[in-house]
Undergrad: 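Attaching a single structure in structure tokens format; questions to follow.
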Amino acid sequence: MDAGIYREQIIDLYEHPLNYGQLEPADFSYEEDNPLCGDVIRIDVRLDAEQRVAEILWSGDGCAISQAAASLLTEEIKGQTLAELKAFPAERLLELVGVPLSMARVKCALLSLKVLKAGAYGIPDPDTMRGHE
Amino acid sequence: MDAGIYREQIIDLYEHPLNYGQLEPADFSYEEDNPLCGDVIRIDVRLDAEQRVAEILWSGDGCAISQAAASLLTEEIKGQTLAELKAFPAERLLELVGVPLSMARVKCALLSLKVLKAGAYGIPDPDTMRGHE
Amino acid sequence: MYDIERVRADFPILATEVYPGVPLVYLDSAASSQKPAVVIEAMADYYRRYHANVHRGVHRLSEMATTAYEGARVRVAEFIHAAAPEEIIFVGNATEGFNLVAQSWGRANVGPGDEILLTEMEHHANLVPWQMLAAERGATLRYLPFNDDGTLALERLGDFLTERTKLFSFTAVSNVFGTINPVRELVDAAHAAGALAMVDAAQSVPHMPVDVRALDCDFLAFSSHKMCGPTGIGVLYGKRQLLEAMPPFLGGGDMIRRVTFDGFIPNELPWKFEAGTPRIAEAIGLGAAVAYLSALGMDAIHAHEQAITAYALESLSELPGLRLLGPPGTQHGGLAAFTLEGAHPHDIAEILDKDGIAIRAGHHCAMPLHHKLGVNASARASFYVHTTTDEIDKLVAGLHRVRELFRLERD
Amino acid sequence: MYDIERVRADFPILATEVYPGVPLVYLDSAASSQKPAVVIEAMADYYRRYHANVHRGVHRLSEMATTAYEGARVRVAEFIHAAAPEEIIFVGNATEGFNLVAQSWGRANVGPGDEILLTEMEHHANLVPWQMLAAERGATLRYLPFNDDGTLALERLGDFLTERTKLFSFTAVSNVFGTINPVRELVDAAHAAGALAMVDAAQSVPHMPVDVRALDCDFLAFSSHKMCGPTGIGVLYGKRQLLEAMPPFLGGGDMIRRVTFDGFIPNELPWKFEAGTPRIAEAIGLGAAVAYLSALGMDAIHAHEQAITAYALESLSELPGLRLLGPPGTQHGGLAAFTLEGAHPHDIAEILDKDGIAIRAGHHCAMPLHHKLGVNASARASFYVHTTTDEIDKLVAGLHRVRELFRLERD
Ligand SMILES: Cc1ncc(COP(=O)(O)O)c(C=O)c1O
Ligand SMILES: Cc1ncc(COP(=O)(O)O)c(C=O)c1O
């Protein structure tokens, strides 16, 4: 059988994530889920005096792709400035993940980046539960 | 060309309708239209002491089929009792019209009978205009 | 050059016989158009090779179906020059587009004393939803009149657009008169009065180039089945910021971002307005129809229809007792509605049918228009990409036979 | 005897390959079923030979189309044993059926303090429309709980059905648990409490005999695309006297008897609820699907699926770490939803897909159910007329490979 997108590295990271955990306090924290698949990711960031990422941890629950991508992203982003982080290109993360993804799974791979940017921009949580009126 | 349902008799009756006009006063009168095609027919009936149709006139506007059928129906119904009139079978009118009709045109042919029966039963006009609420 | 014979060969139904030996002369495209083989085949191919439910599936078929469904949306967006595919909402037909706006935007924005402006030449689809809304919200409907020649009384627009007008909804092309209304001018007038503008494009999008950004309209609706596409699907276009502000219309799967027992959060555009399993095959068929029409060229289609229509109006006007409804000349969409002294439209349609000629008879879902004209019904021949002058000649010959049969020649 | 090979030959897609050399194993029928060739061909034939708009046309094509469209309604009515074709309303999908009842019947009959009873196992289609209605009318929604095994807590029904309950709307078969609910019993309980009963039959009508008169339900909704029919059409059944008393839902052509500038009079049933050009080809396709299913026999289909499901539940339960959702045993519709310790449903579905096996992963439009179970998502294999035990074996083998790939064999 073709392992497809489930290369060793992805499974390794799924089993042994990098930078997993939570920071208290953090300079910014953000959590979001992909309600369509239930994947949820939280990212906590501490910046240094020069507005560079000093510490970054992620936590959450989801599929191997979203989880591996979160490890790869947090690893890559260390030491970058807030400005760099805000401009971090989606293509770069897909490159890091390094396996061909279908449309539906691209969303999984990019969830952590979406969370990171939303946190960096200080976007209010769009998903605060409210009834429809 | 095949004249189809437009036999001589139909065209004759369209040009020279039978029992055309209005009765004032009448024992019962009823008017209804087929809103889908705009055909409208009114029938006025006077009964004798034995509840038989003494006089019957129709008026209206529409296609050759509905108009010819109205002539044929009113001709046929003369002298019948109110009970007979209420039970007058649709098939009999289609027989009188005597040409093969499509579904849509059957409605045209039967409009006068519908009006006659509604009048005989004293059904309130369903089509009194009102706005939707 | 517009190669009419090649176009005709694209439509399987044009090769059929209505009665033995009687070929079809289809002059009822304004009611619903016929379909080229590419459209029929696009849908059959979908069902044979890659049908699955969309959006929620990881597997290959679901991904293929999703790509095709969303690809159709992109094609439609490009076809009418929408700013983004999110502005294209797939609905059941044009009628549902009006209901969506009336119920979602209307309930949220129209109150007692507010006015909605329509015109006297509207199709029921652009009348009844507003009558329902007005009755519910205590709003008032006003109708811009038409002139004797079937054009709008534009000079009176100022009297009808007031500071109470919330929306002006009007047809781009009348399905009875054939009048081509000055859409951009009407949109601008609505905006100048502080109202929104909605366009009934059911008879324009199939027949001529339409650019929603050039028109600057706020909403626009049309039906797939009148433009070589399948039944069961229509399009509502809306400006993004308006659609975003609107509450949902129908609730269910796909239109939600999240649901709990206590409530739900709507999804993003365009899915917010598409509840439940969407019209997947239908969107794919519509996408194929849009590709087909684009390949012919909307300018070429319009030019062809203008030529056919001019020929038809000319030929018909020579028939004694025939009264043409609508404006003469070139500002006339691809149809001709008429009455014939001494013969009812239903009888006309039935007699023509025996010659294989399909025309429509009735009020064409525009009862108030007919009532104002003082006629119960009219006959209507309508034209499309495949109509020939030869077919117009057959229509005219058929009408002569109607006059004979009804003994009108003597007059 | 149920000849599975002949049935499989009816479905063109079952002969295709998902990837080169990898044949399709379609286990996602609960999301949307595949289509037999007769259904695909019925629609193509319509477009090739007799497409036209319905109801309003005198010409031959329009008459043929009308006959076929209304004939499909009769077939559907007979299929579910409705008292009359007028009780069958064609809508866009099951979801629209719930919205129609919520907006038409609901707005007219549900007020502040009134209650609508649902269950905790409902699909979003049977949740969101009522949440919208309740928010608008100030009504309260209540949810009959499910037990750990995915059956309804029937013994608590008495607490939930009160004199304030106006409607009890529930699913006949859960699209996640597979639970076959005791519909008649629930309908009777609703009626005894003075409430109406609406049935979500999206997962029952395709899979087993359904008799609306035997069930005595007031409303019932289902989708064509889950029962071998096309997308873009669904059915709302309603008891005639209820439908007659309800105000219109969408406004436009066909649903009116008469229109003036001042208002309109709705048409008779069923057209009162079908605004604009209807889903003609889709109804014809659904009619063909109903004929196809009837020829196989709904009892035979149900028996086949029961056998396949029993085999699947048995086989799956042997996989280490696999947790089956829903009740064990024969009271289980044709599907199996599960989680697998150590592997996310999306990853499972993706890995199986590479073997050509199509299953669904996610919340299956039942987020509140999953939330209550404490899982974000589940995997679901679902079965239909063409499913074989061989395909179940492939599923199980695929799941073993998932465990290998995710290094779960060691556990
Ligand atoms: C139980 C149940 N109800 C309702 C629906 C909604 O069906 P549709 O999306 O076709 O409206 C589905 C299918 O998704 C279902 O499984
Ligand atoms: C001008 C116009 N508007 C709206 C409609 C409604 O289209 P549909 O019935 O497809 O919703 C039609 C066609 O009947 C039309 O001609």
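A note on names: the letters A, B, ... follow the listed sequences, proteins ahead of strands, and every chain is numbered from 1.
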Undergrad: How about D/M64 and C/V18: do any of their side-chain heavy atoms sit closer than 4.5 Å?
TA: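 Of all side-chain heavy-atom pairs linking C/V18 with D/M64, none is under 4.5 Å.
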
Undergrad: Got a second to check how far D/H363's NE2 is from C/R258's CZ, nearest 0.5 Å?
TA: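 So the NE2 of D/H363 and the CZ of C/R258 are separated by 9.5 Å.
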
Undergrad: Run the side-chain contact (heavy atoms from CB on, under 4.5 Å) check on D/D347 and C/V58 step by step: do they pass?
TA: CA-CA 9 Å; D/D347 295 322; C/V58 169; over 6 Å; no

Undergrad: Is the shortest side-chain heavy-atom distance between D/V259 and C/E122 below 4.5 Å?
TA: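 In short, these two side chains do not touch, never coming nearer than 4.5 Å.
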
Undergrad: Heavy-atom pairs under 4.5 Å with chain D are the metric here; pick the option from C/L369, C/I233, C/I359, C/L141 that has the most.
TA: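 Highest number of heavy-atom pairs under 4.5 Å: C/I359.
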
Undergrad: Does any backbone or side-chain atom of C/Y47 lie under 4.5 Å from a heavy atom of chain D? Answer side chain, backbone, both or neither.
TA: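 Answer is both: backbone and side chain atoms of C/Y47 are under 4.5 Å from chain D.
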
Undergrad: Closest heavy-atom contact between D/N99 and C/L250?
TA: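 Residues D/N99 and C/L250, closest heavy atoms: OD1-CA, 3.3 Å.
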
Undergrad: Under 4.5 Å from any heavy atom of chain D, what part of C/Y19 do you find: side chain, backbone, both or neither?
TA: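 Contact with chain D: side chain only.
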
Undergrad: Can you say whether C/Y50 sits under 4.5 Å from chain D via the side chain, the backbone, both, or neither, judging by heavy atoms?
TA: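 Contact with chain D involves the backbone of C/Y50 alone.
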
Undergrad: Describe, in one word, how the ring planes of D/F261 and C/Y143 are oriented to each other, choosing from parallel (under 30°), tilted (30 to 60°) and perpendicular (over 60°).
TA: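 Ring orientation, 0 to 90° scale: tilted.
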
Undergrad: Is there a side-chain contact between D/I256 and C/V128, using heavy atoms and a 4.5 Å cut-off?
TA: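 Result yes, sub-4.5 Å side-chain heavy-atom pair found.
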
Undergrad: Which atoms of C/P345 are under 4.5 Å from chain D, going by heavy atoms: the side chain, the backbone, both sets, or neither?
TA: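 Neither part, no heavy atoms under 4.5 Å.
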
Undergrad: Give the member of D/P12, D/P368, D/S32, D/G276 that has the highest number of heavy-atom pairs under 4.5 Å with chain C.
TA: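 Winner by heavy-atom pair count: D/P368.
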
Undergrad: Please determine, among C/V39, C/N126, C/I40, the option with the most heavy-atom pairs under 4.5 Å with chain D.
TA: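 Most heavy-atom pairs under 4.5 Å with chain D: C/I40.
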
Undergrad: Counting heavy-atom pairs under 4.5 Å to chain C, which of D/G92, D/P230, D/S223, D/G234 comes out on top?
TA: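 Option with the greatest count: D/P230.
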
Undergrad: Could you tell me which non-hydrogen atom of C/M132 sits nearest to which non-hydrogen atom of D/P248, and how far apart they are?
TA: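 Residues C/M132 and D/P248, closest heavy atoms: CE-O, 3.9 Å.
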
Undergrad: Which value, rounded to the nearest 0.5 Å, describes the distance between D/L24 atom CG and C/R60 atom CZ?
TA: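 Rounded to the nearest 0.5 Å, the CG-CZ separation comes to 12.0 Å.
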
Undergrad: For chain D, which candidate among C/K35, C/E41, C/Q103, C/H123 shows the most heavy-atom pairs at distances under 4.5 Å?
TA: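 Of the options given, most contacts go to C/K35.
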
Undergrad: Relative to chain D, which of C/L100, C/L14, C/T277, C/I280 shows the most heavy atom pairs under 4.5 Å?
TA: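 Option with the greatest count: C/T277.
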
Undergrad: Is D/R142 close to chain C through its backbone or its side chain, or both, or neither, when contacts mean heavy atoms under 4.5 Å?
TA: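 No part of it gets close to chain C.
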
Undergrad: Can you name the closest pair of heavy atoms from D/G252 and C/P129 and give their distance?
TA: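 D/G252 and C/P129 have their closest heavy atoms at N-CD, 4.4 Å.
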
Undergrad: Locate the shortest heavy-atom distance separating C/N53 from D/R360; write the atom from each residue and the value.
TA: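 Where C/N53 meets D/R360 most closely, the heavy atoms are O-NH2, 3.5 Å.
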
Undergrad: Please classify the contact of C/S29 with chain D as side chain, backbone, both or neither, using a heavy-atom distance under 4.5 Å.
TA: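 For C/S29, neither part sits under 4.5 Å from chain D.
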
Undergrad: Could you tell me which non-hydrogen atom of D/R48 sits nearest to which non-hydrogen atom of C/T16, and how far apart they are?
TA: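 Looks like O-CG2, 3.8 Å.
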
Undergrad: Select one option (side chain, backbone, both, neither) describing which atoms of C/L127 are under 4.5 Å from chain D's heavy atoms.
TA: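 Contact with chain D involves the side chain of C/L127 alone.
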
Undergrad: Which pair of heavy atoms, one from D/C365 and one from C/G253, lies closest together, and at what distance?
TA: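 Scanning both residues, the minimum pair turns out to be SG-CA, 4.0 Å.
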
Undergrad: Need one label for C/M43: side chain, backbone, both or neither, based on atoms under 4.5 Å from any heavy atom in chain D.
TA: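 Only the side chain of C/M43 comes within 4.5 Å of chain D.
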
Undergrad: Does either side chain, that of D/T260 or that of C/H371, offer a donor lying less than 3.5 Å from an acceptor on the other one?
TA: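 No, no side-chain donor-acceptor pair sits under 3.5 Å.
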
Undergrad: Identify which part of C/V22 has an atom lying under 4.5 Å from any heavy atom of chain D, answering side chain, backbone, both or neither.
TA: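 Contact with chain D involves no heavy atom of C/V22 at all.
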
Undergrad: Is a donor on one side and an acceptor on the other found under 3.5 Å between the side chain of C/E96 and the backbone of D/A275?
TA: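 Looks like no, no N/O pair under 3.5 Å.
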
Undergrad: Using a cut-off of under 4.5 Å on heavy-atom pairs, state which of C/S33, C/A283, C/G232, C/G251 scores highest against chain D.
TA: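 Most heavy-atom pairs under 4.5 Å with chain D: C/G251.
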
Undergrad: If I measure from the heavy atoms of chain D, does C/E120 come under 4.5 Å with its side chain, its backbone, both, or neither?
TA: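 Both backbone and side chain.
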
Undergrad: Between D/Y26 and C/H59, does the side-chain contact (heavy atoms from CB on, under 4.5 Å) criterion hold? Intermediate values first, please.
TA: CA-CA 10 Å; D/Y26 190 72; C/H59 59 76; 4.3 Å; yes

Undergrad: Indicate yes or no: at least one non-hydrogen side-chain atom of D/H124 is less than 4.5 angstrom from one of C/D254.
TA: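 D/H124 does not reach C/D254 side chain to side chain.
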
Undergrad: Between C/E282 and D/E282, is there a side-chain heavy-atom distance shorter than 4.5 Å?
TA: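 A side-chain contact under 4.5 Å exists here.
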
Undergrad: Less than 4.5 Å apart, side chain to side chain, heavy atoms only: is that true for C/T231 and D/H51?
TA: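 Heavy-atom side-chain distance check passes, below 4.5 Å.
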
Undergrad: Looking at chain D, which one of C/I357, C/N93, C/D28, C/L352 has the largest number of heavy-atom pairs inside 4.5 Å, strictly under?
TA: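 The option with the most such pairs is C/N93.
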
